[in-house]
Amino acid sequence: MLDLLNLTKIQMRDLFAAWNEPAYRVAQVDRWIYGREFATDYQAMTDLPRGLRERLTAETIIGAPPAIAKTASTDGLTRKVLLQLDDGQTIETVLMLYPDAPGSPALEEPRGLKRRTVCISTQVGCPIGCPFCATGQAGYIRNLTPGEIVAQVLHLARGASPLTNVVVMGMGEPFMKFDVTWQAIESLTDPARFGLGARRITVSTSGEIPGIERLAREKQQINLAISLHAPDDELRDVLVPLNRKYPLRDLMRAVRAYVEQTRRRVTFEYALMDGVNDQPWQARALTQMLRGLLCHVNLIPLNPTATSPYGRTPYERVRTFEQILRDAGIPTTLRVEKGIEIAAGCGQLRQSKK
Ligand code: SAH
Ligand code: SF4
């Protein structure tokens with residue numbers, strides 16, 4: 001059945017026009033779905049005429065994949081849900097709550113928490129196959145639909161509204177099917193729908209160049225993050241196998257073009273792996289590569305996965321690596337670890353319960 005979450009605004013308008021419904025009904029329905037109650041049932045839409053509610057019920061659905069497993073970290077600040085899609089496939093989606101800054105009044109959670117970020121998936125599994133990532137090691141099944149991507153946000157918004165940030169950093173390579181990811185993002189940023197500011201959305205790619213070029217052309221202030229993880233092709237070919245298709249020289253050229261076109265700062269993600277990519281000479285090679293670029297490096301402590309052949313870099317070496325980047329004038333931060341004990345951290349998401 002037709003899932004309304006899969007329709008763009010224009011497609012919704014066409015559908016309602018074909019049904020001889022006035023155009024303002026579109027905005028009304030959208031408000032119920034994205035903006036007011038996050039409704040999944042047309043009967044709740046009390047300001048719609050009964051005939052329309054019945055027709056919607058008979059011919060369409062509002063996708064709401066049920067959570068078949070839920071886990072929360074001991075501090076309650078990270079919550080992971082396993083959602084079951086129509087064809088039985090499952091995906092993980094994570095909610096991360098960030099406590100108030102020191103000194104601000106403590107309010108009830110989750111409302112009182114400053115940042116409520118959802119991390120969403122774009123594919124069931126991932127075809128890129130990075131060896132340190134549980135998603136990549138589990139293989140690839142299929143892309144999600146725009147509706148299935150948006151449904152993840154709506155699911156978690158029900159318990160933690162208003163959400164403040166969305167990161168497209170869950171399972172899958174979001175730029176493999178750019179149009180799908182983009183349609184989902186448009187539903188999130190559209191003021192008549194979810195209404196999230198573009199600057200509050202970050203998309204992370206393993207280096208799919210055509211997607212970076214497309215994002216540059218869309219005049220929206222979405223944040224771009226690039227999973228770098230290595231300063232040379234030899235190593236990156238292994239760590240991020242997409243590098244064999246889009247080697248660093250081409251990738252960096254695309255990123256520089258993106259920054260020139262958009263004037264926006266790009267984030268590079270770099271997961272530190274013990275003895276693999278964490279040596280001082282590699283930090284220096286990285287500073288060479290990023291010289292003069294409007295960017296920011298986010299160092300990620302490697303999260304354990306069942307199949308990863310790599311270990312985590314000891315803290316001392318993390319600090320050394322970080323200092324080399326900082327001394328070269330590159331803004332560098334260490335990613336806050338969240339949800340590791342419930343396997344909700346970066347690279348730990350999979351399509352199963354265990
Ligand atoms: N597939 C996209 C987006 C999702 S992954 C991408 O790779 O960019 C989000 C980030 O977590 C990426 O930078 C990814 O490389 C990183 N990551 C994957 N596995 C990890 C692990 N085991 N520990 C820490 N970070 C990991
Ligand atoms: Fe895919 Fe990203 Fe995992 Fe690599 S790190 S396998 S691109 S999800």
Side-chain angles (χ1 to χ4, degrees), residues 80 91-94 96 117-144 149 152 165-178 180-181 184-185 201-209 211-212 215 222-230 235-246 251 255 266-274 276-278 295-313 318 333-351:
K80 182 171 81 163
I91 48 166
E92 292 192 313
T93 303
V94 182
M96 292 165 282
T117 300
V118 169
C119 177
I120 55 174
S121 298
T122 54
Q123 299 182 313
V124 182
C126 179
I128 308 298
C130 306
F132 55 89
C133 169
T135 305
Q137 288 308 296
Y140 172 64
I141 313 251
R142 69 170 172 89
N143 214 87
L144 298 182
I149 298 174
Q152 298 168 58
N165 298 77
V166 170
V167 294
V168 188
M169 294 190 180
M171 296 160 58
E173 167 47 56
F175 286 166
M176 223 133 105
K177 289 272 188 289
F178 186 91
V180 171
T181 299
I185 287 177
I201 299 177
T202 302
V203 181
S204 173
T205 178
S206 56
E208 180 75 20
I209 292 180
I212 298 169
L215 186 65
I222 306 282
N223 301 300
L224 174 65
I226 310 279
S227 295
L228 200 56
H229 308 314
L235 181 58
R236 197 163 187 273
D237 279 351
V238 176
L239 296 184
V240 186
L242 187 65
N243 195 68
R244 295 175 209 155
K245 185 169 178 194
Y246 300 116
L251 175 60
V255 173
V266 168
T267 297
F268 290 99
E269 295 155 288
Y270 197 102
L272 288 163
M273 303 171 215
D274 190 10
V276 176
N277 65 354
D278 60 356
C295 71
H296 163 257
V297 172
N298 197 201
L299 298 174
I300 315 176
L302 188 76
N303 293 321
T305 71
T307 54
S308 172
Y310 309 114
R312 177 183 278 222
T313 294
V318 174
T333 47
L334 208 53
R335 182 169 292 179
V336 184
E337 295 192 65
K338 284 191 86 74
I340 309 308
E341 87 268 22
I342 57 164
C346 302
Q348 295 183 305
L349 303 187
R350 307 168 13 146
Q351 318 78 288

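All heavy atoms count here, side chains included; hydrogens, waters and symmetry mates do not. Every number for a ligand or one of its atoms is a count from 1 in the order of the listing.
At least one heavy atom of Gly172 sits under 4.0 Å from some atom of ligand 2. Gly170 counts as a contact of ligand 1, since one of its heavy atoms falls under 4.0 Å from the ligand.
Atoms of ligand 1 found under 4.0 Å from any heavy atom of Thr305 (numbered from 1 in listed order, with element): 22 (N). Counting the atoms of ligand 1 from 1 in the order shown, those under 4.0 Å from a heavy atom of Ile300 are 24 (C), 25 (N). Shown in contact with Gly129 at under 4.0 Å from a heavy atom are these atoms of ligand 2, numbered in order with element: 6 (S). Short contacts between ligand 1 and Cys133, defined as distances under 4.0 Å to a heavy atom of the residue, involve ligand atoms 18 (C), 19 (N). Against a heavy-atom cut-off of under 4.0 Å, Leu302 is close to the following atoms of ligand 1: 21 (C), 22 (N), 23 (N), 24 (C). Residue-ligand proximity, Gly136 to ligand 2, at heavy-atom distances under 4.0 Å covers atoms 6 (S). Set against the non-hydrogen atoms of Ser206, the atoms of ligand 2 under 4.0 Å away are 7 (S).
Counting protein heavy atoms only, atom 10 (C) of ligand 1 is closest to Glu269 OE2, 3.5 Å. Ser227 OG, 3.3 Å is the protein heavy atom nearest to atom 7 (O) of ligand 1. Looking at atom 17 (N) of ligand 1, its nearest protein heavy atom turns out to be Phe132 CE1, 3.7 Å. For atom 19 (N) of ligand 1, the closest heavy atom belonging to the protein is Gly347 CA, 3.0 Å. Scanning the protein for heavy atoms near atom 9 (C) of ligand 1, the closest one is Met169 O, 3.6 Å. For atom 25 (N) of ligand 1, the closest heavy atom belonging to the protein is Cys346 CB, 3.4 Å. Protein heavy atom closest to atom 3 (C) of ligand 1, with residue, atom name and distance, is Ser204 O, 3.4 Å. Nearest protein heavy-atom neighbour of atom 4 (Fe) of ligand 2: Cys130 SG, 2.3 Å.
When the heavy atoms of Gly172, Ser206, Cys126 are ranked by distance to atom 1 (N) of ligand 1, first place goes to Gly172.
Contacts of Asn303 with ligand 1, taken as heavy-atom pairs under 4.0 Å, involve both backbone and side chain. Contacts of His229 with ligand 1, taken as heavy-atom pairs under 4.0 Å, involve the side chain alone.
For atom 2 (Fe) of ligand 2, the nearest protein heavy atom lies 4.0 Å or farther away.
Between the side chain of Asn277 and the main chain of Ala230, no donor-acceptor pair closer than 3.5 Å is present. Side-chain atoms of Arg236 come within 3.5 Å of backbone N or O of Leu228 as a donor-acceptor pair. Looking at Lys177, its side chain never comes within 3.5 Å of a backbone N or O of Asn143 through a donor-acceptor pair. Between the side chain of Glu269 and the backbone N or O of Asn298 there is no donor-acceptor pair closer than 3.5 Å.
Side-chain atoms of Ser204 and Ser227, non-hydrogen and from C-beta on, do get closer than 4.5 Å to each other.
Side chains of Thr205 and Glu173: a donor-acceptor N/O pair is present below 3.5 angstrom, by distance only. Inspection of the Gln137 and Thr305 side chains reveals no N or O donor paired with an N or O acceptor under 3.5 Å.
Residues Ala343 and Leu349 come closest through the heavy atom pair O-CD2, 3.9 Å. Closest approach of Ser121 to Glu92, counting heavy atoms only: OG-O, 2.8 Å. Annotation for Tyr310 and Leu302: closest pair O-CD2, 3.6 Å, computed over non-hydrogen atoms. Contact between Gly339 and Gln348 at its shortest, heavy atoms only, is O-OE1, 4.1 Å.
Polar contact with ligand 1: absent for Arg335 (N/O pair, distance under 3.5 Å).
Atom 3 (Fe) of ligand 2 has an N, O or S atom of Cys133 inside 2.8 Å of it. Contact annotation: Cys126 places an N, O or S atom under 2.8 Å from atom 1 (Fe) of ligand 2.
Atom CG in Leu144 sits 7.5 Å away from atom CD in Gln123 (nearest 0.5 Å).
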The test is side chain to side chain contact (heavy atoms under 4.5 Å, CB included); show your working for Val94 and Lys338 and say whether it passes. CA-CA 10 Å; Val94 182; Lys338 284 191 86 74; over 6 Å; no
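Exactly one residue among Thr122, Val118, Thr93 makes a side chain to side chain contact (heavy atoms under 4.5 Å, CB included) with Gln152. That residue is Thr93.
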